[in-house]
Amino acid sequence: MTAATDATLFPQVPATADAVLDGLDPEQREVATALHGPVCVLAGAGTGKTRAITHRIAYGVRAGILQPASVLAVTFTARAAGEMRGRLRQLGAAGVQARTFHSAALRQLQFFWPRAVGGELPRLLDRKGPLVAEAAARCRLKLDRNELRDVTGEVEWSKVTQTVPADYPAAVVKAGREAPRDPAEIGQIYATYEQLKRDRGTIDFEDVLLLTVGVLQDRHDIAEQVRAQYQHFVVDEYQDVSPLQQRLLDLWLGDRDNLCVVGDASQTIYSFTGATPDHLLDFRVRHPHATVVKLVRDYRSTPQVVHLANGLLSRARGRAAEHRLELVSQREPEGEPAFTEYADEPAEAEGTARRIRDLIAAGVPASEIAVLFRINAQSEVYEQALADAGVPYQLRGAERFFERPEVREAGVKLRGAARFGGNDTLLDGAAGLPSEVRAVLSDMGWTDQPPAGSGAVRDRWESLAALVRLAEDFARARPTATLADLVAELDERAGAQHAPTVEGVTLASLHAAKGLEWDAVFLVGLTEGMLPIHHARTDEQVEEERRLLYVGITRARRRLTLSWSLARSPGGRHSRSASRFLDGLRPGSGGSRYRAAGALSAGGVERGRATAAPDRPRRAHRSPARCRVCNRTLTDPGEMKLMRCEDCPSELDEGLYERLRDWRSAQAAVTRQPAYCVFTDKTLMAIAETVPASAEELAVIPGVGRRKLDRFGTDVLAICAGEEPGGDAAGGRAGGAENSWEK
């Protein structure tokens with residue numbers, strides 16, 4: 001996040017089209033000047049992708065190649081769209097449409113609905129939760145709050161993947177999703193929900209896309225009118241496009257290819273909503289002539305942070321991992337990321353709050369610090385710890401800045417003062433724009449010093465203080481600006497949802513932190529069961545959790561702290577362990593430290609080709625070996641045979657272990673080979689700890705291959721059952737010449 005006091009919020013508009021290109025690196029310049037045909041920008045975290053694509057649009061407009069009204073730039077959040085509009089305005093490209101998919105579709109639907117269907121567009125639901133709850137009740141099904149949220153998510157997923165209610169159960173199986181309750185019941189709720197909407201003449205946000213697709217498919221005249229309006233398309237965060245959004249984009253494009261997409265498969269973290277990186281990864285297949293530009297110069301983070309991020313992805317698997325970008329930091333080195341283990345959650349929160357207080361005392365602005373966690377429920381203990389430490393904070397994802405009551409009231413007062421300032425006694429003695437703003441807001445309770453403690457009074461003061469800082473920055477950038485100019489700027493920002501920075505530490509989930517950055521980031525609660533979250537069971541789900549941590553790491557510019565706690569409450573059992581994703585990355589965690597893979601690090605440009613090259617065959621990946629006690633990924637061969645970490649608690653049956661060793665000595669004597677050729681000590685320890693009762697249970701122990709299972713399995717299972725091994729010393733087989741090396 002950029003501090004509100006940074007004068008670069010109000011830069012001078014470039015004088016010429018060529019001046020728009022000043023300051024871009026070679027790859028960013030390639031993006032900015034590639035104005036024709038399909039363009040795919042693979043942009044790693046912190047590499048300036050938004051800068052590249054906004055300068056691309058602005059350069060095209062300023063050079064007379066693109067008409068502002070003919071460009072549609074789409075992204076996924078109102079905040080990102082607002083930021084894009086703000087940047088384009090600062091580059092002299094006002095008039096370009098920058099919207100979310102839903103916002104762009106809704107505008108078209110509202111305009112064309114009377115002509116395509118007749119009458120007024122049905123009312124748009126603010127929230128679908130209450131109607132889903134009613135649908136469940138009509139199906140005689142009761143949903144608690146968590147189930148209601150999960151079932152609502154399933155309805156949304158079904159719609160963006162264009163799955164009708166009757167097909168939901170089969171679609172869930174095909175997609176490998178884990179339904180929150182019986183799929184047939186969810187399908188029934190989904191069908192009833194759709195019927196309730198029809199009965200009441202309402203639509204939801206997914207319907208906006210579905211209905212726009214329907215209109216453009218059925219009415220070629222309307223489709224041609226839309227295509228005549230928009231000639232050039234830019235799609236940001238393309239790795240998060242759903243099948244439904246891709247279908248809408250295809251209809252907007254028609255048979256044209258003036259499309260620029262930007263994304264990073266390693267930042268795909270919304271697949272649970274139907275998003276898929278396949279459209280990004282297959283772009284060159286669908287558009288063989290496309291220009292592909294790779295941005296890997298990381299301007300955000302220090303080499304130490306970038307090294308950790310690269311190391312995390314070096315252990316990733318799957319298709320997205322095969323296309324990962326190796327970042328190269330452009331910043332000066334600073335301190336190494338810190339890894340901290342705490343006894344319990346309150347201790348972790350208090351320790352984090354102390355470190356934050358020290359950073360603020362050392363001069364780091366509170367707005368440049370963030371605490372990021374996996375789920376919102378984790379925030380409460382950090383809110384309390386920061387409040388106890390006297391540190392101001394704000395919750396990301398809470399009420400939008402311009403929708404806060406005090407901000408609305410301030411807008412009304414500032415607008416009135418701008419209109420009738422000469423007759424407003426509040427402005428008596430105020431000299432200059434900042435003084436006028438402070439005078440107006442002092443009537444609402446703003447003071448030079450913040451109130452003590454936290455809560456509603458402090459939150460209100462922080463909102464007003466953010467407006468004061470914005471006014472000060474605005475006046476520095478534009479010394480002749482008036483109160484009316486500031487009001488116009490606030491109106492622009494409100495429309496774009498481009499809020500000024502509130503001076504407080506940000507508390508946010510990892511999902512909500514996407515697209516943001518801070519000087520100092522604290523990644524907290526990094527335990528097994530939380531990251532990866534306990535319900536991430538498939539390889540694909542676990543890899544998405546890894547990408548979520550990657551997003552968190554790459555939010556940090558200079559300082560990064562990663563922490564976890566061994567228990568939930570003080571005095572609780574230390575049953576937790578650090579996330580498996582930290583294995584081999586944190587000191588003392590085992591495994592080999594990450595080494596950069598230079599072959600992946602090259603940025604640059606790939607020009608289009610006549611035909612798409614066939615995909616190279618992908619190697620099958622084996623599931624990682626995991627500790628059967630703490631579930632940490634095992635990399636040490638000895639630990640892998642033991643099936644647990646060396647320092648994890650052992651449940652070794654020492655009597656059984658000694659009997660197995662005696663039996664192994666007899667086998668080695670008969671076969672005339674070293675004892676370890678029968679079974680190693682680690683394998684015998686694993687057998688004595690797990691005490692297998694069947695051939696299937698014995699077979700999964702590392703070091704027991706099919707050949708050894710056939711040869712020694714009967715004896716080993718008999719010993720485990722407390723019986724004497726039967727047959728001859730060789731386990732019922734004659735001869736010792738057979739090769740018995742472990743499989």
Side-chain angles (χ1 to χ4, degrees), residues 21 24-44 47-61 63 65-66 70-76 84 96 98 101 227 230-243 245-268 275-297 319-326 599-616 618:
L21 303 178
L24 300 182
D25 69 29
E27 291 79 28
Q28 291 171 344
R29 185 178 286 255
E30 285 283 353
V31 175
T33 55
L35 296 174
H36 300 288
V39 177
C40 179
V41 184
L42 302 177
T47 57
K49 68 178 180 64
T50 304
R51 176 180 174 84
I53 59 176
T54 51
H55 281 68
R56 177 184 190 269
I57 295 170
Y59 176 72
V61 169
I65 299 171
L66 305 178
S70 73
V71 180
L72 177 59
V74 289
T75 187
F76 285 82
M84 193 176 291
V96 173
F101 271 101
R227 292 167 191 158
Y230 295 116
Q231 305 291 320
H232 303 271
F233 296 85
V234 176
V235 184
D236 194 12
E237 303 288 2
Y238 194 56
Q239 77 278 352
D240 290 329
V241 166
S242 71
Q245 290 165 332
Q246 181 62 48
R247 179 62 185 139
L248 177 59
L249 179 60
D250 290 340
L251 287 166
W252 282 340
L253 276 166
D255 58 0
R256 301 165 300 170
D257 62 1
N258 279 329
L259 171 66
C260 175
V261 301
V262 189
D264 178 10
S266 295
Q267 296 188 69
T268 304
T276 171
D278 289 346
H279 304 298
L280 175 68
L281 299 179
D282 291 337
F283 191 84
R284 195 69 176 270
V285 176
R286 288 181 288 114
H287 301 281
H289 299 282
T291 297
V292 178
V293 184
K294 296 181 181 179
L295 304 183
V296 298
R297 302 174 199 247
R319 192 176 184 211
E322 292 175 359
H323 295 266
R324 72 183 188 275
L325 298 167
E326 192 87 10
L600 294 174
S601 63
V605 184
E606 298 175 15
R607 304 297 178 187
R609 56 181 183 270
T611 57
D615 286 345
R616 61 180 178 84
R618 293 190 289 272

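What you are looking at is a predicted structure, and each value in this text was computed from that prediction instead of being measured.
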Measure the [atom1]-[atom2] distance between [X] and [Y] for me, rounded to the nearest 0.5 Å.
X: Tyr59; Y: Leu66; atom1: OH; atom2: CG; value: 10.5 Å
X: His323; Y: Ser266; atom1: NE2; atom2: OG; value: 10.5 Å
X: Thr75; Y: Glu237; atom1: OG1; atom2: CD; value: 5.5 Å
X: Asp257; Y: Arg286; atom1: CG; atom2: CZ; value: 12.0 Å
X: Thr268; Y: Asp278; atom1: OG1; atom2: CG; value: 9.0 Å
X: Lys294; Y: Asp264; atom1: NZ; atom2: CG; value: 11.5 Å

inquiry  = Ignoring hydrogens and geometry beyond distance, is a side-chain donor-acceptor pair present between Glu30 and Gln28 at under 3.5 Å?
reply    =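 Side chains of Glu30 and Gln28: no pair found under 3.5 Å.
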Under the side-chain contact (heavy atoms from CB on, under 4.5 Å) criterion, do Gln245 and Val235 qualify, and how do the steps go?
CA-CA 11 Å; Gln245 290 165 332; Val235 184; over 6 Å; no
Any heavy-atom pair between the side chains of [Y] and [X] that's under 4.5 Å?
X: Ile53; Y: Met84; answer: yes
X: Glu27; Y: Arg297; answer: yes
X: Ile57; Y: Val234; answer: yes
X: Arg227; Y: Leu251; answer: yes
X: Phe233; Y: Trp252; answer: yes

Notebook entry, point to check: Should the pair Asp282-Arg319 be classified as a salt bridge under the 4.0 Å nitrogen-to-oxygen rule?
Noted result: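 Answer for the salt bridge query: yes.
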request  = Just say parallel, tilted or perpendicular for the rings of Phe283 and Tyr238, cut-offs at 30° and 60°.
outcome  =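 Geometry flag for Tyr238 against Phe283: perpendicular rings.
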Contact summary for [X] and [Y], nearest pair of heavy atoms:
X: Pro277; Y: Ala265; value: CB-CB, 4.2 Å
X: Leu21; Y: Ala32; value: CD2-CB, 3.7 Å
X: Lys49; Y: Leu295; value: CA-CD1, 4.2 Å
X: Cys40; Y: Leu280; value: SG-CD1, 3.8 Å
X: Leu259; Y: His287; value: CD2-NE2, 4.5 Å
X: Asn258; Y: Gln231; value: CB-O, 3.4 Å

One pair to check against side-chain contact (heavy atoms from CB on, under 4.5 Å): Phe76 and Val241. What are the steps and the verdict? CA-CA 9 Å; Phe76 285 82; Val241 166; 3.6 Å; yes
Report task. Verify salt bridge (Lys or Arg N to Asp or Glu O under 4.0 Å) between Asp25 and Arg51, making sure each step is shown before the conclusion. Result -> CA-CA 11 Å; Asp25 69 29; Arg51 176 180 174 84; over 6 Å; no
